[in-house]
Amino acid sequence: MQTKILMRFGPDTVNHPAVYDLIKKYDLHLNILKASINYNMKGELLMDVDGESDRIADAMKFLESLGIQADFVLKSIRIDEDKCVHCGICTSVCSSRALYLNDTARLCFEQNRCVGCNLCIRACPSRAVSA
Amino acid sequence: MQRTFDEINARIKAGTAVVITAEEAVELVRKEGAAAAAAKVDVVTTATFGPMCSSGAVLNFGHSDPPIRMESITLNDVEAYGGLAAVDTYIGATAESRSQGLEYGGAHVICDLVAGRPVRLKARGKGTDCYPRQEIETDITLADLNEAYLFNPRNCYQNYAAATNTSGRLLQTYMGALLPGMGNVNFSTAGELSPLLKDPFLRTIGLGTRIFIGGAVGYISWTGTQFNTNTERDENGIPKTPGATLTLIGNLKDMRPEYLAPAVFNGYGTSLNVGVGIPIPVLDEALMTDLGRGNDALFTNIVDYSVQGRKRPVIKRVSYAELRSGTVEINGKTVKTAPITSLLKAREIAQELKTRIASGDFLLQAPIEAFPQGNAVKPLEIKGGGQ
């Protein structure tokens, strides 16, 4: 099965090579979409994950045992056309450029570029974006 | 070539006026030059649609029986001003709901009214011989109100600065989320469509100018607050830093939801997206030169919002063409840019105003009085042992 997983690391887990374990121990194919670590030593890792569904389930339990918060990113975003004013402010936080203004200044969304970070939801002043 | 307001209005009434949008004017001047363009065109429409926090509405509820003098007032749990007589109030766009915080504010109340939705009014008064009632709670709609007009003390900023953040932490501002380490640049002014960039010395924009506001016909009723015509200007006369502002008024009962929308900025609060269109008469070639100036010839500053003082340092001076392109170069780094105002809506407004003028149902009003030049903005100094 294919899915997306968002992992959140705290200062005590940020140094553990968890991705190595997911590949070697659980035979998962990983594609890292987004990775960040801040000055408080808190990190986030968003990945496309491909593998046997029972191995993915075991991997999730393993991550939990390490103290890493791991969640499936299930859905893409939706834009309420009645509320969207096409200001474009959401594009400033969309690092994958899934959200962009086209040549007529209309907001467009390319679902296959979306990495599911959901930053646009809180960034939208019109509250037009939902998960 | 010279034209007067009267001559232009006569042509509008006769249905022969030539009206184009500011974007079309840029194109025309580029192709044919300002003199030829001025000879052809009577009116150019400008527009903007963006968050304008210093906005609000004056409402009159009518008298209940027995009547009340409302001293503390809420509308859908958002506080409205209770210091006017009896049943008048002013609701500001940035007032936040007592129960929902910044997710619902004065801007939402105003837009709910415009959309025809009922709004819960709760008010208290001390009770007097002439106003015996002490409490009231009821639903109101826009149609129920005697008067309801938008009255915005500061709109349409001339050349607002763009924003970035050089600090290491995320800043949540009225310019949107500013990512750490200069992760983005957000900008507000509508560039070549923006009203006050197209008539930089306010030759045709003044007290009494008839405008499009929120879908209705409105007026410029005063200078805006923090009105600044004392800024340094570039070689084209465009203020280098935020300049003039306008106080706008318009009948809420004639407004439409597509041109008036609430906005919520996390960590900051509630604001109101106001759609404004201002027609500029082509009085002479000099004005057409101003009207024809494109995004590549209009510049603003990128300022650093991580400096929490009155004077924020300028990081770079950039053109609106650069801001519109999606990225700007700052010290060798490519930084993403994004608008916080809607170019799509601004274009719709410029187009709609053009249609209304061309069809003869929107005449131009010459300023009853010109706004002052050389007007500076004073800061607030802390005096008298305050802090």
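So you know, we letter chains A, B, ... as the sequences are listed, proteins then strands, and number each from 1.
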Contacting moiety of A:Leu119, where chain B heavy atoms sit under 4.5 Å:
neither
Contact class of B:Ile340 relative to chain A, heavy atoms under 4.5 angstrom
both
Chain A/chain B interface donor-acceptor pairs under 3.5 Å:
from, atom 1, to, atom 2, distance (Å)
A:Val85, O, B:Ser342, OG, 2.6
A:His86, O, B:Ser342, OG, 3.4
A:Ile89, N, B:Pro339, O, 3.3
A:Thr91, O, B:Lys336, NZ, 2.8
A:Cys94, O, B:Lys336, NZ, 2.7
A:Arg122, O, B:Asn266, ND2, 2.7
A:Pro125, O, B:Val264, N, 2.7
A:Arg127, NE, B:Glu103, OE1, 2.8
A:Arg127, NE, B:Glu103, OE2, 3.2
A:Arg127, NH2, B:Glu103, OE2, 2.7
A:Arg127, NH2, B:Asn266, OD1, 2.6

Under 4.5 Å heavy-atom distance to chain A, tell me which part of B:Pro339 shows up: side chain, backbone, both or neither.
both
Rounded to the nearest 0.5 Å, how far does SG of A:Cys87 lie from CG of B:Leu344?
11.0 Å
Non-hydrogen atoms of chain B under 4.5 Å away: do they reach the side chain of A:Cys90, the backbone, both or neither?
neither
Options B:Leu178, B:Val185, B:Val264, B:Leu179, ranked by heavy-atom pairs under 4.5 Å with chain A, top entry
B:Val264
